[in-house]
Amino acid sequence: MAAAGVSSTRTLRTLRTVRILLSPLRAPIPNRTGPLRLLSSLPPPGTWTSELSRLPHRDLHRLSVTDPDQFWGAAAADRLRWMKPFERVQDCDLNRGKINWFPGGRINVSVNCLDVHVETHPDRAALIWERDEPGTEVRVTYRELLEMTCRLANTLKAHGVQKGDRVAVYLPTSPLAVAAMLACARIGAVHTVVFAGFSAEALAGRIQDAECKVVLTCDETVRGGRSVPLKATVDAAVRSCPSVRHVLVSRRTDGGATAAAVGPLDVPLEEAMKAAAPVCPAEALDSEDPLFLLYTSGSTGRPKGLVHSQAGYLLYTSLTHQYVFDHRDGDVFGCVADIGWITGHSYVVYGPLCNGATTVLFESTPVYPNPGRYWEMVQRLRVSQFYGAPTALRLLLSYDDSWVKKYDRSSLRTLGSVGEPINHEAWHWFHDVVGEGRCPLVDTWWQTETGGICIAPRPAEEGAPVVPAMAMRPFFGIEPVLMGEQGQPLSGQSVDGALCLARPWPGMARSIFRDHQRFIETYFTPYPGCYFTGDGAWRSEDGFYQITGRMDDVINVSGHRLGTAEVEDALDEHPAVPESAVVGFPHPIKGEVPFAFVVLKDDLGSPPAVLRQLRELVATKIAKYAVPEHFLVVERLPKTRSGKIMRRVLRKVATEATGDLGDLSTLDDPSVVQEIIQAHRRYREQHRKS
Ligand code: WT7
């Protein structure tokens with residue numbers, strides 16, 4: 001077998017070697033020569049399930065980190081259909097941000113998600129579109145989804161989209177959105193899905209950065225009974241996007257004033273798809289050709305377009321989907337995330353479809369038409385796995401439990417939580433009330449950048465402990481390392497530090513679109529040789545991991561990731577605001593909300609009027625969820641002598657934790673702090689009165 005080298009710093013290599021020596025395999029790995037031979041001549045499908053998957057999980061995990069080439073090579077050869085076999089398993093160097101999995105291989109993701117299943121179960125539902133109005137769900141079989149995808153792929157081609165071109169998708173979670181993603185995958189175009197809650201300016205920023213040729217949208221969507229005019233937002237966005245040649249518009253609703261607005265770029269999508277051929281040959285793509293871009297917030301600058309590629313991403317999402325959720329044939333997988341986020345990409349679309357599952361597309365809200373919506377859906381669709389966000393659970397647990405109990409949840413086998421820390425109350429309510437204490441609950445930690453779940457309680461040995469509200473165990477191929485303040489790896493248990501992942505895994509992002517340098521600096525420079533997650537974590541006495549939260553200026557609002565710098569940029573555009581600082585502030589349901597400290601020029605309008613305009617400004621520049629819940633007008637901000645705003649002091653003021661403000665010696669003028677504390681007191685008193 002070609003020894004695919006993973007270079008890393010000497011420290012890490014030593015660390016790894018020491019670790020491995022310290023924890024020898026408890027049982028010898030059987031079939032050692034079996035899977036090793038796979039790479040010279042690829043085995044027939046089925047080897048993964050028949051050989052490797054019979055190993056106990058502990059040994060599988062051990063194999064995945066002691067001999068990743070054997071593990072991933074066998075998994076990739078067996079689980080995916082290749083158009084040309086890969087020549088090596090990996091060629092990665094994290095120091096340089098070089099990530100290359102399955103070089104030499106050629107593959108098509110849409111073939112793996114559709115054609116292979118049409119061969120064996122064409123009439124199985126691939127999608128159940130749980131539309132806004134309960135009881136109006138639509139099933140789409142694998143055969144139908146393949147045809148829809150091909151017609152859409154041919155339509156894209158007819159409108160000039162070629163391999164490598166970017167296509168923006170601004171659609172609600174719907175079969176059309178899934179077909180759009182897979183149609184791009186079929187012809188080698190690169191989709192960038194933009195969450196349909198983003199404003200015109202936020203959409204335009206993404207289209208411009210990605211230089212999209214085509215935008216796919218619909219007239220309007222309906223959410224929680226209310227109409228959302230998507231086409232109007234696209235019209236406003238594309239005015240400043242010279243790269244866009246066509247806007248393909250689907251009719252989601254009948255009528256609606258927006259449907260009539262036909263501009264020079266518009267193409268009626270249904271007509272175009274009807275005219276297109278129902279079969280489209282699949283492009284044989286390189287393992288590392290880009291599959292999609294997904295924009296996400298960082299601690300500085302504008303949102304960055306993370307690049308995910310073909311084979312490794314698909315393998316990783318399908319493997320995690322199967323093992324973390326215990327997916328079995330015939331299951332109905334219910335991930336209620338929007339396709340505009342990575343959770344929707346990996347666990348509504350790619351992972352489940354690669355595994356031939358039936359996946360639910362949830363278009364509504366947790367409280368429409370009432371707080372029983374999720375559980376009524378579970379009963380009606382016989383959902384086997386329910387995967388959702390803690391923010392929704394916190395909202396639902398405030399209602400009476402009868403909203404859960406009146407529906408039959410006996411179909412549920414696994415519960416999952418994602419996106420933010422799950423507090424004990426929400427964990428217990430989900431586990432005990434929703435799951436009746438009989439379904440394992442997986443708190444899954446991962447990120448847009450990681451492509452798929454990296455730390456979760458599963459897979460685990462039969463009878464292994466599960467600790468409430470703890471992500472716990474690394475997935476196959478993942479090696480967490482906690483780093484101390486001096487950048488040194490922390491050994492032993494009961495420690496907390498910066499969470500890094502010490503070796504590459506197939507699902508990780510490959511770059512930031514057109515800014516590989518930023519990719520290296522953000523993720524691989526802070527701890528050379530390792531991927532830095534931006535999160536802190538704690539390792540318990542038992543060696544389990546618990547995520548402690550972001551270590552940078554990224555906050556999490558209702559599970560939506562938001563850079564406080566983005567909000568500040570929006571606020572600072574107002575002529576009355578010379579500067580502002582935004583921090584995260586705890587909120588019982590949303591997790592965190594933005595808290596803005598703003599300096600106002602006093603000659604430019606009354607503060608209440610300006611604050612109204614500021615709210616409006618953030619909603620139009622970013623999205624509604626980014627609007628600060630609190631505004632505190634201050635005369636000055638606390639700054640260091642080098643001019644940096646000391647946000648940690650502001651966080652303490654906002655939460656009234658001013659007993660220990662930490663080291664203020666680098667502040668230019670420490671008296672600012674008392675000034676702000678006073679202003680905050682007055683603000684609190686006013687709030688209490690109103
Ligand atoms: C950030 C990533 C994971 C896909 C959806 C969000 C936080 C995510 C957990 C969890 C505690 C979590 C982290 C992470 N996060 N999952 N189980 N426990 N925190 O992806 O928008 O890229 O956000 O969400 O802070 O860095 P994302």
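Each ligand, and each atom within it, is numbered from 1 in the order the structure gives.
- Taking the six-membered ring for Trp and the full ring otherwise, Phe333 and Phe386 have centroids separated by 6.0 Å or more.
- Between Val583 and Thr564, the closest side-chain pair of non-hydrogen atoms is not below 4.5 Å.
- In this structure, Phe195 has its ring center under 6.0 Å from that of Trp341.
- Around the CD atom of Glu629, the shell of radius 6.0 Å holds more than 12 heavy atoms that belong to other residues, nucleotides or ligands.
- Shown here are the side-chain hydrogen bond (donor to acceptor under 3.5 Å, both in side chains) partners of Arg510, two or more places apart in sequence or in another chain: Glu288, Ser309.
- Salt-bridge annotation for Asp326 and Arg413: present, with a side-chain N of the basic residue lying under 4.0 Å from a carboxylate O of the acidic one.
- Around ligand 1 you find Ile342, Thr343, Val418, Gly419, Glu420, Pro421, Asp443, Thr444, Trp445, Trp446, Gln447, Thr448, Asp535, Ile547, Arg550, Asn556, Arg561, each with a heavy-atom distance below 4.0 Å.
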